[in-house]
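Only one structure is covered here, and it is reproduced in the block below.
All heavy atoms count here, side chains included; hydrogens, waters and symmetry mates do not.
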Amino acid sequence: KLKDRCQDHICRNFEKVSNSADFCSLSADHLSEIISHDGLDIKEETTVWEAVVRWVEHYKEERWHHLPSILQHIRFNLLTSDGKTAILEHPLVKNALQVSEVTR
């Protein structure tokens, strides 16, 4: 129950939590769990993307390879076409997706 209450708090206050120093210490699995939660309270999905970028860039060398799996949790259907393009053209995404294609 405590974990559920913590998760609910994070989801209700995602924007504030995602800007905290502790946010960057999350594991890739926990980050994915949070951003895919149905109760995530955000005004725009770009908020999630910006948080993911901060998380990856905090330890870029160790985290960029998680990006393809994390991107699956971004709700692209809630983004404008410009928002989708901005994400897909971002250097982190382009590099991660190229490596992902090569390693398949």
Quiz item: Which pair of non-hydrogen atoms, one from Gly39 and one from Cys11, has the smallest distance, and what is that distance?
Solution: O-CB, 3.6 Å
Quiz prompt | Spacing of Lys94 atom NZ and Leu92 atom CG [to the nearest 0.5 Å] | solution = 12.0 Å
Quiz prompt | Residue among Ile10, Asp22, Ile34 satisfying side-chain contact (heavy atoms from CB on, under 4.5 Å) with Val17 | solution = Ile10
Quiz prompt | Qualifying residue, where the test is side-chain contact (heavy atoms from CB on, under 4.5 Å) with Arg54 and the options are Glu50, His58, Glu57 | solution = Glu50
Quiz prompt | Atom pair CH2/OG of Trp55 and Ser18 - distance to nearest 0.5 Å | solution = 14.0 Å
Practice problem: Please report the closest heavy-atom contact between Leu67 and Val56, naming both atoms and the distance. | Solution: CD1-CG2, 4.0 Å
Quiz item: Any side-chain heavy atom of His73 within less than 4.5 Å of one from Val48?
Solution: no
Self-check item: Path from Phe14 to Leu78 over hydrophobic side-chain contacts below 4.5 Å
Solution: no
Quiz item: Where do Ser36 and Ser32 come nearest, in terms of heavy atoms and distance?
Solution: OG-O, 2.8 Å
Self-check item: Minimum heavy-atom distance Ile35-Arg75, with the two atoms named
Solution: O-NH1, 3.1 Å
Quiz item: Does atom CD of Glu15 have more than 12 heavy-atom neighbours, drawn from other residues, nucleotides or ligands, at distances under 6.0 Å?
Solution: no
Quiz prompt | Over 12 foreign heavy atoms within 6.0 Å of CZ, Phe76 | solution = yes
Self-check item: Atom pair CG (Leu79) and CG (Asn77), whose distance is rounded to the nearest 0.5 Å
Solution: 8.0 Å
Quiz item: Taking the side chain as C-beta and beyond, is there a heavy-atom pair between Glu45 and Ile74 under 4.5 Å?
Solution: yes
Exercise. Flag the pair Ile70 / Trp49 as yes when at least one side-chain heavy-atom distance between them is below 4.5 Å, and no otherwise.
Key: no
Practice problem: State whether the side chain of Arg63 and the backbone N or O of Ser27 hold a donor-acceptor pair below 3.5 Å, judged by distance alone. | Solution: no
Exercise. Could you grab the distance from atom CG of Leu40 to atom CD of Gln7, nearest 0.5 Å is fine?
Key: 9.0 Å
